[in-house]
S.K.: 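Before I ask anything, let me first share the structure, which is written out below as structure tokens.
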Amino acid sequence: MIRHRLDYRLVMGDRAEKAYLQPYRVALKRFGPGFKATLWNSPETQALRFDVMIDLAGFQRSTVLDVGCGPGDLASRLNERSIGYTRYVGIDAVPEMIERARELAVPRSEFRVGDAVVEPGIMDEAGADWVCMSGTLNTMDDDTARR
């Protein structure tokens, strides 16, 4: 493995892939872009987790940044619950997940390809009132997650 900035890379042929993204890439190949590629247990527990965040933060009249947004499930949940957020910005390092999220056309939402580990400045660009990470750190080693 080659250490590069904050991330660890596995060299695969001509391209380098971040080790913490590998589990998502494997799931993406197996299941396609969607819930199963997020590696969470069930849509029901995901909804519960999102509901806890929503109930704690509210997100009313706020810009919400979702780091590691996957296929945009938090944006969808905010709308299902009629939360009056001003703007939602989802970023994910897996382009296929962003493509899927954009297909949903969730109101007041935008989706960007980006890796906050390698480019932490992308979090500042959103101008968010709230930054959400729900599982983004799960596949990282402790050192990378802490940084």
Side-chain angles (χ1 to χ4, degrees), residues 1-54 57 59 62-81 83 85-147:
M1 292 207 294
I2 302 166
R3 192 175 185 144
H4 176 74
R5 287 185 57 180
L6 299 179
D7 64 314
Y8 295 89
R9 296 177 183 247
L10 296 173
V11 177
M12 300 182 313
D14 292 337
R15 69 180 233 232
E17 184 69 24
K18 296 163 201 82
Y20 53 85
L21 294 179
Q22 276 304 100
Y24 300 108
R25 287 259 170 238
V26 170
L28 185 68
K29 278 185 177 179
R30 185 171 180 198
F31 303 113
F35 175 79
K36 287 186 177 182
T38 66
L39 304 177
W40 284 106
N41 188 40
S42 73
E44 295 78 20
T45 58
Q46 180 190 55
L48 179 61
R49 185 175 53 261
F50 290 161
D51 286 345
V52 168
M53 287 193 303
I54 291 166
F59 301 128
S62 300
T63 295
V64 178
L65 172 62
D66 186 4
V67 179
C69 68
D73 293 335
L74 176 57
S76 294
R77 188 65 177 170
L78 289 167
N79 278 279
E80 287 170 10
R81 294 222 13 220
I83 302 301
Y85 65 95
T86 304
R87 186 169 147 249
Y88 168 97
V89 179
I91 60 171
D92 201 284
V94 180
E96 296 89 343
M97 295 297 251
I98 292 298
E99 289 171 22
R100 175 66 181 260
R102 287 175 179 158
E103 290 172 4
L104 298 174
V106 178
R108 302 181 317 273
S109 300
E110 62 187 83
F111 297 93
R112 304 174 185 172
V113 176
D115 186 339
V117 172
V118 178
E119 311 164 72
I122 62 173
M123 291 188 285
D124 295 331
E125 294 170 12
D129 300 300
W130 293 96
V131 178
C132 301
M133 290 185 177
S134 179
T136 302
L137 308 177
N138 288 355
T139 61
M140 295 179 192
D141 62 76
D142 289 345
D143 184 52
T144 302
R146 282 189 187 98
R147 290 181 197 208

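What you are looking at is a predicted structure, and each value in this text was computed from that prediction instead of being measured.
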S.K.: Could you tell me whether the side chain of Y88 reaches within less than 4.5 Å of the side chain of L78, counting heavy atoms only?
M.R.: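 A side-chain contact exists here, since the closest heavy-atom pair is under 4.5 Å.
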S.K.: If every non-hydrogen atom of I91 is compared with every non-hydrogen atom of I98, which pair is closest and at what distance?
M.R.: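 Smallest interatomic distance, heavy atoms only, reads C-CD1, 4.2 Å.
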S.K.: Answer yes or no: is there an ion pair linking E80 with R77, defined by an N-O contact shorter than 4.0 Å?
M.R.: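 Yes.
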S.K.: Does the pair M97 and Y24 meet the rule for a side chain to side chain contact (heavy atoms under 4.5 Å, CB included), with working shown?
M.R.: CA-CA 10 Å; M97 295 297 251; Y24 300 108; over 6 Å; no
S.K.: What distance do D92 atom CG and L21 atom CG have between them, rounded to the nearest 0.5 Å?
M.R.: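 Nearest 0.5 Å value for the CG-CG distance: 8.0 Å.
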S.K.: Any side-chain heavy atom of K18 within less than 4.5 Å of one from V118?
M.R.: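 The answer is yes, as the side chains (C-beta and beyond) meet within the 4.5 Å cut-off.
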S.K.: For a side chain to side chain contact (heavy atoms under 4.5 Å, CB included) check, start with the C-alpha distance between E125 and E119, then their side-chain angles and the critical distance, and finish with the verdict.
M.R.: CA-CA 11 Å; E125 294 170 12; E119 311 164 72; over 6 Å; no
S.K.: Quick one: pull up CD1 in I54 and CZ in R49 and give me the separation to the nearest 0.5 Å.
M.R.: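 If I round to the nearest 0.5 Å, the distance is 11.5 Å.
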S.K.: Can a donor-acceptor pair be found, under 3.5 Å and without considering hydrogens, that links the side chain of S76 to the backbone of L74?
M.R.: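 No: the side chain of S76 does not pair with the backbone of L74.
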S.K.: In Å, rounded to the nearest 0.5 Å, how long is the span from CD of E110 to SG of C69?
M.R.: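 Those atoms lie 11.0 Å apart.
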S.K.: About how many Å separate CD1 of I122 and CG of D115, when rounded to the nearest 0.5 Å?
M.R.: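 It is 6.5 Å, given to the nearest 0.5 Å.
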S.K.: Per the ring pair (Phe, Tyr, Trp, His ring centres under 6.0 Å) rule, what does the pair list look like for residues 112-131, sequence neighbours excluded?
M.R.: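 Ring pair (Phe, Tyr, Trp, His ring centres under 6.0 Å) check on residues 112-131 returns F59-W130.
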S.K.: Strictly distance-based, threshold 3.5 Å: is any side-chain N or O of R112 a donor or acceptor partner for the main-chain N or O of V89?
M.R.: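 No: the side chain of R112 does not pair with the backbone of V89.
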S.K.: If we only count heavy atoms from C-beta on, is the T63 to L65 side-chain gap below 4.5 Å?
M.R.: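 No, every pair of side-chain atoms sits at 4.5 Å or beyond.
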S.K.: Without placing hydrogens or testing angles, list every side-chain donor-acceptor pair under 3.5 Å for residues 26-39, not counting sequence neighbours.
M.R.:
unit_1: T38; atom_1: OG1; unit_2: F35; atom_2: O; d: 2.5

S.K.: Is the closest side-chain heavy-atom distance between C132 and F50 below 4.5 Å?
M.R.: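 Side chain of C132 against side chain of F50, heavy atoms only: no contact under 4.5 Å found.
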